[in-house]
Amino acid sequence: MLDISGISYDNIFNRYDIVAEKEVTPEELFEEMAPKEEPWRTITQKLVFLEEVTDEVEEALNEYDPEDVINKGLIPGMDINGELYARGIYYLPQLIIAGDAMGKGIELCEEAMREAGQERKAKGKVLMHVAEGDPHDIGKDIAAAMLKAQGYEVIDMGRDVPVEDVVDAVKKENPDVLTGTALMTTTQTAFPRVAKRLQEEGLDVAFIGAGGAVNQSFVHSFPMGIFADEAADGPSICEAVKEGKTWEEIREEYDEIVPSAA
Amino acid sequence: MLDISGISYDNIFNRYDIVAEKEVTPEELFEEMAPKEEPWRTITQKLVFLEEVTDEVEEALNEYDPEDVINKGLIPGMDINGELYARGIYYLPQLIIAGDAMGKGIELCEEAMREAGQERKAKGKVLMHVAEGDPHDIGKDIAAAMLKAQGYEVIDMGRDVPVEDVVDAVKKENPDVLTGTALMTTTQTAFPRVAKRLQEEGLDVAFIGAGGAVNQSFVHSFPMGIFADEAADGPSICEAVKEGKTWEEIREEYDEIVPSAA
Amino acid sequence: MAKYTEMAYDDAEEMVFGEAKEPVTYGHGPQITAGGGQVFGVTKIAPRPGAEARPEKLKTEFRKITKTILQRAVTLGFPTQEIENEWVHQMGENPVEYAQEPAIAQQAAIAEEFADEYGIATATTHTIPDLRVSEKGLRHGQDRESYYPEKVIGSFEIAAENGADVLKIESSGGMELADYGIQRGDIKAFLFGIGYLGSIDMEWLWSQIVDIAQKNNVIPGGDTNCPAANTAMFIAGGYLDQDIARTFSAITRAICAGRTIVAWEQGATGPDKDCGYEGPIVKAIAGKPTVMEGKDCSVAHADLMGNLAAQVCDGWSNESAEFHEEFSGWSSGTWAEAVGYEVSLMNTAKELGEDKTLRDIYMASDRYRSPESYIIAYDNAYKIGEAMVEEGDSYYRRSKAAAIKAAELIEDAQEQGKLQLSAHEKDTLEKVVTDLRALPEDEDKFVEECLNEYGDLPKFNPKNYGL
Amino acid sequence: MAKYTEMAYDDAEEMVFGEAKEPVTYGHGPQITAGGGQVFGVTKIAPRPGAEARPEKLKTEFRKITKTILQRAVTLGFPTQEIENEWVHQMGENPVEYAQEPAIAQQAAIAEEFADEYGIATATTHTIPDLRVSEKGLRHGQDRESYYPEKVIGSFEIAAENGADVLKIESSGGMELADYGIQRGDIKAFLFGIGYLGSIDMEWLWSQIVDIAQKNNVIPGGDTNCPAANTAMFIAGGYLDQDIARTFSAITRAICAGRTIVAWEQGATGPDKDCGYEGPIVKAIAGKPTVMEGKDCSVAHADLMGNLAAQVCDGWSNESAEFHEEFSGWSSGTWAEAVGYEVSLMNTAKELGEDKTLRDIYMASDRYRSPESYIIAYDNAYKIGEAMVEEGDSYYRRSKAAAIKAAELIEDAQEQGKLQLSAHEKDTLEKVVTDLRALPEDEDKFVEECLNEYGDLPKFNPKNYGL
Ligand SMILES: [Zn+2]
Ligand SMILES: [Zn+2]
Ligand SMILES: [Zn+2]
């Protein structure tokens with residue numbers, strides 16, 4: 001091997017990420033953003049520091065409404081995690097692990113609500129699937145975790161979901177947003193078929209198209225399609241829907257709404 | 001410099017063209033294809049061997065109809081040149097030079113016809129232009145030469161031709177085929193505008209779109225457009241039109257009709 | 001079948017592009033000899049969405065793809081041109097209608113035509129899609145809904161019988177555990193899924209592929225851990241991406257080498273698949289030829305070893321580009337050219353006796369660009385291979401050994417100040433090392449632990465692996 | 001202004017990529033120093049047709065192009081990223097509305113942002129379209145219909161005043177004669193059009209560009225004979241093309257060097273333009289930095305010197321790709337990556353003290369692939385440069401000397417059996433040599449002959465050149 005010891009690597013590549021490394025710590029952000037009152041503070045703390053919250057949630061449910069436990073304890077915790085993620089302090093695993101913990105907490109709360117004959121008023125309802133014929137679902141799983149972390153109710157249909165099943169589920173669940181993921185260009189052809197069938201059934205819903213081979217020009221070529229390049233685009237698009245924007249408007253204002261747009 | 005003398009170039013590149021070099025000579029093909037009778041044989045010979053034919057044509061016009069001089073003398077000569085070109089014996093300059101000579105001959109014949117109150121019945125009429133805003137015309141010039149060599153009457157509008165001028169010329173000349181060349185993607189946008197204006201005027205004509213940046217998916221996206229990747233595609237497309245095919249049919253059978261299609 | 005317990009090379013320094021210990025010959029005309037002294041070019045172009053709507057449409061698309069690739073190769077004088085086809089989904093679902101004539105036979109015929117007419121060495125490779133889904137069942141007789149295992153094997157037969165020169169696949173055994181592990185930074189789950197379960201699945205799969213290939217006198221090439229290690233690499237991304245630490249993805253790469261090499265242990269000969277960045281590791285162990293991709297696969301994905309990936313490659317590839325028009329013609333020609341010139345650069349270096357120099361320039365360009373690249377640098381890849389063959393008789397232990405070795409290499413380089421790591425990369429690596437060192441020595445114990453820990457994951461079914 | 005009568009280098013062997021005798025510094029952040037010791041990357045992406053429909057649309061397109069290029073460069077760690085913009089037609093027609101804010105100022109701002117935030121060296125280059133048409137008039141006051149000459153110069157002012165770092169153009173003086181000559185294999189017409197008339201036009205044009213640049217403290221880079229020598233090269237094509245012999249296009253390339261260097265004689269500093277394949281010739285003469293393109297411009301056009309073109313480049317480019325989506329994201333990222341990794345390879349070679357080795361591998365890959373490549377091999381480019389500076393005081397005689405020298409180099413190499421020529425290539429070269437040797441010694445005599453012979457060509461007007 002050539003003697004590589006004398007190489008000045010600055011002339012070859014630069015570690016722009018290390019140069020740009022952020023300063024804030026989870027502790028600092030927790031102090032800054034966490035609720036002051038208990039039991040919310042502790043629930044938040046558990047989530048931010050990636051621990052289980054099941055015990056704390058169970059206890060809180062003895063005193064408080066499940067809706068409050070979710071909105072004042074679990075969601076603020078994930079908001080901080082979301083901020084840590086946005087700032088590149090937390091990465092995906094932290095979000096997913098905290099999301100797992102939050103998910104268990106949400107389950108307990110929803111169970112409590114069912115027993116009380118109530119229904120959870122989530123931030124919104126998102127119906128997710130992986131295109132017919134496509135077995136790749138890690139992208140959907142990551143996006144689902146991010147949406148749940150933001151307080152959305154996610155109905156996950158899994159992978160290789162037939163077009164008609166998607167249409168039936170839209171009818172049944174009446175989601176605020178439908179998402180479809182496809183890793184292969186040849187399974188993405190299911191999406192326009194879904195859109196067509198939805199139209200035929202008189203349904204209209206923002207339909208996020210995402211995944212490896214999917215691109216903007218394809219997704220914006222069928223009705224209702226909104227392109228999401230990265231999992232982190234999902235929440236912003238759903239937010240826009242919650243604000244009352246139609247899919248047509250979201251396409252119009254795409255560059256302003258979607259974080260990954262150049 | 002490193003010592004390159006020991007390189008075995010077979011491992012780096014192969015001269016597939018030299019390996020595949022053709023055998024036939026212009027002389028052989030002339031013998032095989034040229035008319036036997038005079039004065040056609042001599043006129044053909046002049047063209048094939050890249051000499052002027054003006055004298056021979058003038059003389060022939062004393063005895064024969066101008067239409068015959070064209071069809072029995074000049075065109076057979078260019079047919080042989082076309083065959084030599086197709087076989088890679090003659091290159092473009094040979095075609096162009098012979099085409100120049102043939103062109104002078106055609107002029108003399110057309111002059112004679114005008115004097116006799118006749119009009120030339122060319123193989124067909126092709127109206128050619130370079131897109132509005134585009135100054136590159138070598139592509140058009142080469143295509144024009146090939147079409148004239150095949151006996152087409154070519155009306156060459158030159159370069160940077162405004163859209164309306166093209167429309168007016170189509171109205172006036174009623175060509176069998178319209179061609180447009182554009183070297184820049186941003187001047188090719190003139191073509192759909194030409195097509196639209198033609199439609200508005202109730203005109204319908206095969207409109208060959210060619211040139212450096214133009215591609216099939218663009219040209220086939222507006223009415224009447226037929227993509228030509230290479231100058232040598234022109235004659236085949238015009239042939240198809242002469243056979244009575246519509247531009248729609250030519251698009252349908254594109255791969256069978258157009259030589260450069262893969 | 002025996003597992004590798006020895007290295008094919010005595011020294012990493014022996015390794016270079018264009019040469020393998022066990023070259024493989026196939027194709028048309030002068031044929032391609034992978035690892036036989038020169039590098040060859042691989043171009044892979046994906047039919048446009050919609051082309052698969054009907055078999056005739058797909059056939060037209062494949063004809064255009066094939067001819068435009070070969071035309072560009074001939075017009076520029078390239079001595080070799082291999083065309084690889086990653087089958088689209090519909091072809092795998094219905095190989096008789098959508099693959100047999102439209103893709104396989106037609107392409108072989110055109111490849112033969114060009115070889116005949118010009119004397120260019122051509123070959124066609126078919127990469128069968130792994131349609132199998134764990135919830136339905138990964139082995140014959142388990143999937144009574146879609147019959148995917150049967151379809152996959154059936155596709156290999158159809159490819160082998162109808163003109164394919166080389167058979168490959170990007171098999172996905174263990175993917176359900178790998179995905180779980182990648183998302184949670186759980187290296188144990190990844191090790192279980194890919195190092196262990198994936199290897200078992202590779203046995204099942206490749207013993208059959210090798211049989212089919214031998215029966216039909218075609219080449220069983222190899223596999224790649226695209227569904228798992230590449231997923232980790234893609235999510236880890238570059239310096240602007242902050243989803244997964246590249247120290248984590250580096251360790252997944254080391255782990256997956258143990259799975260990828262099972263194909264060769266089952267009798268496959270190489271060349272293995274282009275997107276298997278673990279190629280240098282398995283080549284160091286087995287001495288079989290490997291296809292790689294890097295800067296010329298930028299159209300399909302970015303990576304942090306665009307040059308380094310070429311260092312010891314036998315074939316060079318563009319990974320995948322959609323068939324569409326560019327300024328110069330079709331994208332097929334674009335990538336045949338870019339790849340072919342890189343191949344020419346390597347072969348020229350060989351002629352000049354400077355191949356190892358170029359190898360080292362390639363390697364040094366990206367050695368420290370990312371820990372992922374660092375461990376694939378051929379000297380490090382070799383060391384990882386050594387750690388693996390020492391545990392060569394256990395899928396689990398050799399994958400773990402690879403992981404630990406990779407981690408040590410990264411740590412050492414970082415401590416010596418050569419390899420820069422961000423704070424997060426360091427923290428992640430520490431956790432990975434802690435997790436790895438906590439694992440049992442014994443394979444059975446490891447499997448038992450994992451079945452306990454991960455047995456309830458919805459997509460995981462031990463029956464898929466004969467457990 | 002004085003013409004070059006001496007070579008900047010004593011020996012061809014001195015020449016290598018990344019270094020020029022007269023480096024040029026420009027741009028944002030750490031800035032780019034062309035020829036200052038490292039190679040830099042240039043990415044050029046064309047807005048999609050339709051983007052130019054409205055200024056706001058174009059502005060959005062340019063924002064996306066610029067950001068996606070820079071994002072890919074940053075995420076892969078490239079130290080430099082120059083963005084070149086070949087203005088689309090509408091920008092040249094209406095630079096205030098379509099270029100000033102949408103392209104120039106916005107791109108400069110984004111380039112500055114990225115340099116600020118990450119420390120990457122960025123720069124923006126603007127290549128003004130030469131809208132001038134000979135029938136209307138090539139000089140100020142002659143074109144009373146479209147005012148193209150005024151528009152072209154005005155565009156340079158707007159670019160220089162609004163944030164462009166470097167100014168370039170692909171000027172088309174003499175094109176009418178060049179086209180005539182290319183179509184008919186008439187080297188005399190080409191020599192007259194490009195060697196003589198084109199050089200006169202370059203004087204007129206570049207004296208003004210240099211003024212504007214100096215007034216605004218930006219860099220007057222250089223030109224390329226794209227409209228003529230590249231046209232010949234593109235029509236000549238590869239081994240499957242049979243329109244123009246590559247011996248003819250090789251001679252046109254040699255001739256055009258004399259025209260291209262006029263920019264530098266008028267005070268431009270380099271770097272000159274990527275598609276000027278004559279770069280090694282003019283660099284040998286003037287020692288100024290040159291940008292080149294080859295295997296990574298396969299998206300825009302094929303060429304027979306995909307590696308060789310890199311041999312002594314200071315910047316490396318992808319030439320042009322349409323801004324559209326690929327599998328990995330936008331095409332802008334694809335080509336920034338491919339180009340950036342090639343740049344990294346060259347810079348790594350420099351660090352290892354192996355740059356001349358890599359230079360020679362590049363060169364040897366394509367030296368004999370085509371006579372066009374052969375004469376651009378740096379040792380031959382140098383010899384052509386020497387022949388030119390010996391006749392340095394006459395545009396005509398130096399272009400003719402270049403042509404004859406190139407022809408001799410090709411003939412010698414063919415006779416020694418090193419450079420294979422087809423029968424047609426040989427015949428064409430013979431005719432070219434015959435035509436060249438029949439030309440007069442005296443420039444005035446040559447001009448007089450040409451005015452007689454070509455004066456009637458419809459598009460040729462001597463007034464355009466002050467004749
Ligand atoms: Zn893959
Ligand atoms: Zn150019
Ligand atoms: Zn593309």
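The figures here come from the full heavy-atom set of this structure, side chains too, leaving out hydrogens, waters and symmetry mates.
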Go through the atoms of [X] and report whether side chain, backbone, both or neither lie under 4.5 Å from a heavy atom of chain C.
X: D/Ala336; value: neither
X: D/Leu358; value: side chain
X: D/Phe234; value: neither
X: D/Met305; value: backbone
X: D/Asp296; value: side chain
X: D/Ala321; value: backbone
X: D/Leu352; value: side chain
X: D/Asp303; value: both

*Would you call the rings of D/Trp335 and C/Trp335 parallel, tilted or perpendicular if under 30° counts as parallel and over 60° as perpendicular?*
parallel
With the side chain counted from C-beta on, respond yes when [X] and [Y] share a heavy-atom pair under 4.5 Å apart, and no when they do not.
X: D/His301; Y: C/Glu337; value: no
X: D/Asp241; Y: C/Thr75; value: yes
X: D/Leu345; Y: C/Leu345; value: yes

Quick check: closest heavy atoms across [X] and [Y], and the distance to 0.1 Å?
X: C/Val74; Y: D/Tyr239; result: O-CD1, 3.4 Å
X: C/Leu240; Y: D/Gln71; result: CD1-O, 3.4 Å
X: C/Thr348; Y: D/Ile361; result: CG2-O, 3.6 Å

Which residue out of [options] racks up the most heavy-atom pairs below 4.5 Å with chain C?
options: D/Arg72, D/Glu351, D/Met346; value: D/Arg72
options: D/Gly238, D/Ser328, D/Gly329; value: D/Ser328
options: D/Ser331, D/Ala364, D/Ala302, D/Gly77; value: D/Ala302
options: D/Ala300, D/Gly340, D/Ala338; value: D/Ala300
options: D/Glu354, D/His324, D/Glu342; value: D/His324
options: D/Tyr118, D/Trp330, D/Tyr341, D/Phe327; value: D/Tyr341

*Does any heavy atom of chain D fall under 4.5 Å from the side chain of C/Ser344, the backbone, both, or neither of them?*
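For C/Ser344, backbone and side chain are both near chain D.
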*Pick one of side chain, backbone, both or neither for C/Ser320, based on which atoms fall under 4.5 Å of a heavy atom in chain D.*
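Its backbone and side chain both get close to chain D.
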_Is it true that, when you exclude C/Lys418 itself, more than 12 heavy atoms of the residues, nucleotides or ligands shown sit nearer than 6.0 Å to its NZ?_
no
*Any chance the side chains of C/Thr334 and D/Ser298 put a donor and an acceptor closer than 3.5 Å?*
no
